[in-house]
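Below, all heavy atoms of this structure are taken into account, side chains as well, without hydrogens, waters or symmetry copies. Just so it is clear: chains get the letters A, B, ... in the order the sequence lines come, proteins before strands, and each one is counted from 1.
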There are 2 protein chains.
Amino acid sequence: MKVIENQDLSEIIKLLDTIRDIRKVMRTHFQKKMKEHDIDVTIEMLEVLYILWEKDSINQQEIVDRTNRNKASITSLIDNMTRRELVQRNADPNDRRNNLVALTPEGKKYQKKLKPLLEEFYTSFQVDISSKDMHSALGVLEKIYQKLTG
Amino acid sequence: MKVIENQDLSEIIKLLDTIRDIRKVMRTHFQKKMKEHDIDVTIEMLEVLYILWEKDSINQQEIVDRTNRNKASITSLIDNMTRRELVQRNADPNDRRNNLVALTPEGKKYQKKLKPLLEEFYTSFQVDISSKDMHSALGVLEKIYQKLTG
DNA sequence: AATAAATAGTTTTATATTAAACTATTTATT
DNA sequence: AATAAATAGTTTAATATAAAACTATTTATT
């Protein structure tokens, strides 16, 4: 999406384009790494697993809040994870509106297998950039995000 | 996806998380703006429109290359755009493998309507950041991208 | 000329995403 | 106690995405 009417604008456009490209390459790169190790887990599922490894048996709303996704999106993600027997939904005796999402033994087992892979995955994104520049870049992105979300 | 084993790693993770968040907020922000103006075009369709406004009647492969998307993804996107009568597929007499994607009169008309909106949209991402910092941020992102794509 | 390799596009299958309308349950208000 | 408002989750319908297997056509190789 290249609009070149305005010098300042073209910078932000380039930034947003690059953001899209990185996001994409990140996903495919992850999928490839998982396939190499015969693991059938998407990056989105992993994100939920990570949350559960830290604190098991939380309701879907908490997952919604922590992953910054839509309710319906989490419903479907938990469906898929349940089908793969990574998690299960349990009733909450204290509040019948809640679904408590809990790791299955299978889901727990993955923790040991996935954590080192994850570290590898993220390491592959590390580039020869000073901590100062990295901080500054993060600052720019966070400002943009803040601008749009308040 | 918060992994905190390693100081350096946590920086890149935060950066990637923020990238995801911006990408998402960007999409919903765009969708909202279009809805305000009663325009039924997704951000992905707009990207294709932009390419065609510049150079009409190109084959799908060129759209694939320029948008950095999968063939199948473009097939389906052009399907949807055809259904909305924004573009049409024409046969290429010189090479029968090609589909030449061309703007309809409707698709051309949108140009006048959308360009100012687009500028507004991108302007809303502009933040109080020096050109130097913006450049530096872009440099960091491009390095990461290069790292993974060669 | 015949065959192999490359290129353009589609279909299939599966995942993820979200807005909107919905059900069920709990909490707040009158 | 009855009603309204808020909260948790699902369903539906639509879009986007991409890997893999496929068809059709063109180009390169033998």
Side-chain angles (χ1 to χ4, degrees), chain A residues 20-21 23-36 39-48 57-84 86-101, chain B residues 20-21 23-36 39-48 57-84 86-101:
Chain A
R20 204 208 64 199
D21 292 344
R23 180 67 193 146
K24 195 184 124 185
V25 85
M26 187 175 154
R27 218 176 172 280
T28 50
H29 183 63
F30 177 84
Q31 241 42 300
K32 207 188 291 173
K33 192 157 221 56
M34 289 304 112
K35 202 169 182 185
E36 273 170 27
I39 298 176
D40 185 23
V41 170
T42 66
I43 196 168
E44 290 81 10
M45 290 176 184
L46 183 70
E47 201 172 349
V48 173
S57 203
I58 56 179
N59 71 1
Q60 294 187 195
Q61 187 57 46
E62 191 165 341
I63 298 174
V64 165
D65 295 338
R66 293 199 45 191
T67 59
N68 195 24
R69 281 190 177 80
N70 183 288
K71 277 163 165 305
S73 185
I74 293 302
T75 293
S76 126
L77 191 53
I78 299 299
D79 283 350
N80 288 337
M81 292 179 78
T82 302
R83 212 172 303 131
R84 279 174 176 64
L86 294 167
V87 300
Q88 62 186 60
R89 287 178 168 101
N90 298 323
D92 182 349
N94 297 10
D95 188 335
R96 290 196 300 169
R97 291 171 303 183
N98 288 344
N99 275 342
L100 297 180
V101 179
Chain B
R20 202 208 66 199
D21 291 345
R23 179 68 192 147
K24 195 183 125 186
V25 87
M26 187 175 152
R27 219 179 170 279
T28 49
H29 183 62
F30 178 84
Q31 241 42 302
K32 209 188 289 173
K33 190 155 223 56
M34 289 305 112
K35 203 169 182 185
E36 275 171 27
I39 297 176
D40 185 22
V41 170
T42 66
I43 197 167
E44 290 81 8
M45 292 177 183
L46 184 68
E47 200 172 350
V48 173
S57 202
I58 55 179
N59 70 0
Q60 292 187 197
Q61 188 56 47
E62 191 166 340
I63 298 174
V64 165
D65 295 338
R66 293 198 47 189
T67 59
N68 196 24
R69 283 190 176 80
N70 183 286
K71 278 162 164 305
S73 186
I74 293 302
T75 292
S76 127
L77 191 52
I78 300 297
D79 283 350
N80 287 338
M81 291 179 79
T82 302
R83 212 173 303 128
R84 278 175 176 65
L86 294 167
V87 299
Q88 62 186 61
R89 288 177 168 104
N90 298 322
D92 182 349
N94 297 13
D95 188 336
R96 290 197 298 172
R97 289 171 305 183
N98 288 344
N99 275 341
L100 296 180
V101 179

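When each of B/K24 and A/R84 is assigned the nucleotide of DNA chain C with its nearest heavy atom, A/R84 is the one assigned upstream, toward the 5' end. Summary of the strand contacts: B/R97 and A/I58 both lie near DNA chain D, and taking for each the nucleotide with the nearest heavy atom, the more 5' one is attributed to A/I58. Projected onto DNA chain D by closest heavy-atom contact, A/R27 and A/E62 fall at different nucleotides, the more 5' of which corresponds to A/E62.
Pairing of D/dT17, defined by two Watson-Crick or G-U wobble distances under 3.5 Å, is identified with C/dA14. Nucleotide C/dA20: paired with D/dT11 (Watson-Crick or G-U wobble, both distances less than 3.5 Å). Pair check for D/dT27 finds C/dA4; Watson-Crick or G-U wobble, both atom distances under 3.5 Å.
Proximity note for A/Q60 (side chain, C-beta onward) versus D/dG9, D/dA16, D/dA19: the nearest is D/dG9. Residue B/R69 places its side chain closer to D/dA18 than to any other of D/dT15, C/dT10, D/dA18. Relative to the side chain of B/N59, the nucleotides C/dG9, D/dT15, D/dA8 differ in distance, and C/dG9 lies closest. Each of C/dA16, C/dT25, C/dA8 was ranked by its minimum atom distance to the side chain of A/M45; first place goes to C/dA16. Nearest to the side chain of A/N99, among D/dA24, D/dT10, C/dT18, sits D/dT10. Side chain of B/N98, nearest nucleotide from D/dT15, C/dG9, C/dT15: C/dG9. Considering only side-chain atoms of B/E44, the nucleotide from C/dA16, D/dA16, D/dA6 that sits closest is D/dA16. Nearest to the side-chain atoms of B/A72 among the listed nucleotides C/dT26, C/dT11, D/dA8 stands C/dT11.
Taking side-chain N and O atoms only, A/T75 has a distance below 4.0 Å to OP1 or OP2 of D/dT10. Put simply, B/T42 has a side-chain N or O that comes within less than 4.0 Å of OP1 or OP2 on D/dA16. At the phosphate of D/dA16, OP1 or OP2 sits under 4.0 Å from a side-chain N or O atom of B/N80.
Counting non-hydrogen atoms under 4.0 angstrom, B/R89 reaches the backbone sugars and phosphates but no base. As judged by a 4.0 angstrom heavy-atom cut-off over every strand, A/S76 is placed among the base-contacting residues. Residue contacts shown for B/K35 are limited to sugar-phosphate atoms, with no base heavy atom under 4.0 Å away. A/L77 comes within contact range of the sugar-phosphate backbone alone, with a heavy-atom separation under 4.0 Å but no base atom that close. Among the atoms of the strands shown, none is found under 4.0 Å from any heavy atom of B/M81.
Atom NZ in A/K71 sits about 13 Å away from atom P in D/dT11, given to the nearest Å. What separates CZ of B/F30 from P of D/dT15 is a distance of 15 Å, to the nearest Å. As rounded to whole Å, 21 Å separates atom P of C/dT17 from atom NE2 of B/H29. Across the protein-nucleic acid pair, B/M26 atom CE and C/dT18 atom P stand 15 Å apart, rounded to whole Å. Atoms CG (B/D95) and P (C/dA8) sit 8 Å apart, rounded to a whole Å. Taking atom CG of residue B/N70 and atom C1' of nucleotide C/dT12, one finds them 13 Å apart after rounding to whole Å. Computed from coordinates, the A/M34 CE to D/dA18 P distance equals 18 Å when rounded to whole Å. One atom, CG of B/L100, and another, P of D/dT25, lie 15 Å apart when rounded to the nearest Å.
A distance of 11.0 Å separates CD in B/Q60 from OG in B/S73, rounded to the nearest 0.5 Å.
Proximity of B/E47 to B/R69: side-chain heavy atoms (C-beta onward) are separated by under 4.5 Å at one or more points. No side-chain heavy atom of B/D40 sits under 4.5 Å from any side-chain heavy atom of B/M34. No side-chain heavy atom of A/M81 sits under 4.5 Å from any side-chain heavy atom of A/R89. No side-chain heavy atom of A/I63 sits under 4.5 Å from any side-chain heavy atom of A/L77. B/R20 has its side chain within reach of A/N68: a pair of non-hydrogen atoms, C-beta onward, lies under 4.5 Å apart. A heavy-atom distance below 4.5 Å is not found between the side chains of B/Q31 and B/K35.
Judged by atom type and distance alone, A/R96 does not reach the base of C/dT25 through any side-chain donor-acceptor pair under 3.5 Å.
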